[in-house]
There are 2 protein chains.
Amino acid sequence: MPSKTITSVDVARRAGVSQSTVSRVFSAENHVSEATRARVLAAAQELGYQPNVLARSLTTQQSNIIGIVTHISNPFYPYIIEKLTRRLQAMGRQTLLFSVEPDQEVDDILPLVLQYRVDALIITSASLSSEMASQCERQGTPVVLFNRYALGAKVSAVCCDNIEGGRLVANLLLDAGHKRLAHIAGRAPTSTNRDREKGFSDRLRERGYANWLREESDHAYQTGREAACRLLQRPDRPDAIFCVSDIVAFGAIDAARYDCGLRIPEDVSIVGFDDLPTAAWPAYSVTTIREPVNRMVELTLKLLVERIINPQAEPVLELLPGQLIKRTSARLAE
Amino acid sequence: MPSKTITSVDVARRAGVSQSTVSRVFSAENHVSEATRARVLAAAQELGYQPNVLARSLTTQQSNIIGIVTHISNPFYPYIIEKLTRRLQAMGRQTLLFSVEPDQEVDDILPLVLQYRVDALIITSASLSSEMASQCERQGTPVVLFNRYALGAKVSAVCCDNIEGGRLVANLLLDAGHKRLAHIAGRAPTSTNRDREKGFSDRLRERGYANWLREESDHAYQTGREAACRLLQRPDRPDAIFCVSDIVAFGAIDAARYDCGLRIPEDVSIVGFDDLPTAAWPAYSVTTIREPVNRMVELTLKLLVERIINPQAEPVLELLPGQLIKRTSARLAE
DNA sequence: CACAAATTTGAATGCGCATTCACGCAGTGC
DNA sequence: GCACTGCGTGAATGCGCATTCAAATTTGTG
């Protein structure tokens, strides 16, 4: 058997020191003389020794693994995960990835996640029952919701201010003199979907506008395109559509142009939400609300680390403002 | 301290059995009477016990964790990772995600990966020195390269047949009577980049065509767009461009339409590679080579599992044919 | 130079679990 | 009635490492 795993004992024997000393060298810890440190490192090098961090986690009670629960059908999330993973890596932590059905309750998979003794948990694109939240609480696993929040449960959340974002869009469309408004909402009952719609419709009502149209999609190109088709084939078709996310807006734009033969923005204005990279491409050039993703990521990690250090800390809800990005998919007030 | 971790000993005490028995129940193992099994499960339920899989990995020598090394700037990879993660989850294994700079040598991060005692390693969008490959070999960690291969190293690889794909494109463009061909290649010296270019240019030469144009990009929209601009602003501008990947093709199409005022495919044909979902959207409608991603994913997992079971198995290189998908971004032979 | 203090090192222990071994007990066949 | 299986269970041990405690060594100080 050539592939016998090399342990700290092997290194110790080879370097002529005790296993404790090897451990000290690799924990970047205190009080090892330069001479022995060098001997140990040399021996480790020769043997190809890598410390077993899983074994280490047993005694330290820290795995340096962060769980991320997500689904990737909406291209918003890969960018988030990429950023999170990179930043975590720079902090010496790794990402254990769990994939769930879009907007499925995360409860099914949570027991599995907890078995891996992740130091903390980031949940995107899924929600968490308060029962499971308290299970995490009991086990001392901090949870941060990303782009979601849950008022009942004792978990932190980092979110774009979706209500204000919806209001900004309502203002933009009314100011530009649109007469017939519509919203393609998200189907799942998430805080994000609700808030974007709420901000939009509240502001419309405040400004005396009623009877906007409404369709649903599920944050995917195809269902967005279909929803837009239904709207645009009505006799009283809208002259402006606010889509719950950019990916839906792409579908809506293609529906308008290629399914219905309409011009954008002359015949119909389309507004999205997120500001995906693709939204800036000239083929779409989507007017949208930009989520402050970098700040959201930083804040998420900050909350995470704080609660890893002090698990007693009270959960926080952080709302960050989005920014209106004006491009050419919507007619503007002159 | 309320958040004392619950261990199998706690469950054992509560259920009035030994720790061994608890362990047997949760290893879904042999020979536990129904009565005691029920008692143990009840006790576990009441205490909220979750077995610690990291501790388990110490004795079983299996972590059930699969490392995936990737970078996500090219949207091809999120889809792959999503699929891999889902399938792994269904097999009871989890994904530990490592992010690297595009096409960076993966050597820097590999020691870190090995510290997590992953059962196996999938590497996409990065290459592996043969020295590191043998380090994995020594430690008994099977490696599968996805969409890359390395002839020297003793690692398995699953790959689209990029050479044949390049040939298909060359045939398509010549058959349609294009007179002035160009290739936007990938900058990094990866097998994928090389093979796509090789298949394309070999076939051109075979058919007596020489002096095609060449530019480089790095599998990103922006650099693809810039490369296309350089080509299309030449006095002898090409009437067909083969792009190393779809994301580059999107940039090239926008360059043609919006930077150079050209019509597609009347003035210039654009062909991509990968068949991203976006390639089917009417705004782009990219003629492309579809990678058989589902079969590639299945094959990757099959190789992985085989080598986890039998680490002595010889490494394999699997080449799967791509499929030409004709859309409207390229003029076709009638 | 003597003695206290600081530094370096090793032996022993435990983290949470799987697994081996041995033991007790019911059931089988004679 | 007895030896013999075979199943269900517990005690003991080890996985690879960090950490505590005590011993050994070096350093600093009067």
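Predicted model, so just to flag it, every value in this text is computed and none were measured. Residue numbering restarts at 1 for every chain, and letters A, B, ... go by the order of the sequence lines.
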Using a 4.0 Å heavy-atom cut-off across all strands, classify A/Val53 as base, sugar-phosphate, or nothing.
-> nothing
Measure from CD on A/Gln62 to P on C/dG16 and round the result to the nearest Å.
-> 14 Å
Send over the distance from A/Arg24 CZ to C/dT7 C1', rounded to a whole Å.
-> 11 Å
Please report, rounded to the nearest Å, how far the P atom of D/dG16 is from the CG atom of A/Asp10.
-> 8 Å
Picking from D/dG10, D/dC17, C/dA18, which would you name as closest to the side chain of B/Thr60?
-> C/dA18
Please work out if A/Val22 contacts a base, only the sugar-phosphate, or nothing of the nucleic acid, heavy-atom cut-off 4.0 Å.
-> nothing
When the distance from CD1 of B/Ile6 to P of C/dC17 is rounded to whole Å, what number comes out?
-> 10 Å
Phosphate OP1/OP2 of C/dT9 contacted by A/Ser33 side-chain N/O (<4.0 Å) | yes
How long is the line joining CG of B/Asn64 and P of C/dA18, in whole Å?
-> 12 Å
About how many Å separate CD of B/Glu291 and OG1 of B/Thr192, when rounded to the nearest 0.5 Å?
-> 7.5 Å
Nearest nucleotide by nearest heavy atom, which residue falls closer to the 5' end of DNA chain D, B/Ser20 or A/Gln19?
-> B/Ser20
Are OP1 or OP2 of C/dA18 and a side-chain N or O of B/Ser23 less than 4.0 angstrom apart?
-> yes
Nearest-Å distance for atom pair OH/C1', residues A/Tyr116 and C/dG16 | 16 Å
Rounded to whole angstroms, how far apart are CD on A/Glu34 and P on D/dT25?
-> 21 Å
Between A/Asn52 and B/Gly16, name the one whose nearest nucleotide on DNA chain D is closer to the 5' end.
-> B/Gly16
Nearest-angstrom distance from the residue atom CG of A/Leu54 to C1' of D/dG14 | 17 Å
Rounded to the nearest 0.5 Å, how far does CD1 of B/Ile122 lie from OG1 of B/Thr300?
-> 6.0 Å
Kindly point out which of C/dA11, D/dT9, D/dC17 is positioned nearest to the side chain of A/Ala55?
-> D/dC17
Just checking B/Thr21: base, sugar-phosphate only, or nothing, at a heavy-atom cut-off of under 4.0 Å?
-> sugar-phosphate
Could you pick out which residue, A/Leu58 or A/Ser18, lies toward the 5' side of DNA chain C when each is mapped onto its nearest nucleotide?
-> A/Ser18
Are side-chain N/O atoms of B/Ser99 and A/Thr85 paired as donor and acceptor at under 3.5 Å?
-> no
If you look at every strand shown and take non-hydrogen atoms under 4.0 Å, does A/Gln61 touch a base, only sugar-phosphate, or nothing?
-> sugar-phosphate
A/Phe146-A/Tyr77 aromatic ring centre distance below 6.0 Å | no
How would you label the contact of B/Ser57 with the nucleic acid (heavy atoms, under 4.0 Å): base, sugar-phosphate, or nothing?
-> nothing
Check whether any side-chain heavy atom of B/Ser63 lies under 4.5 Å from a side-chain heavy atom of A/Leu54, and answer yes or no.
-> yes
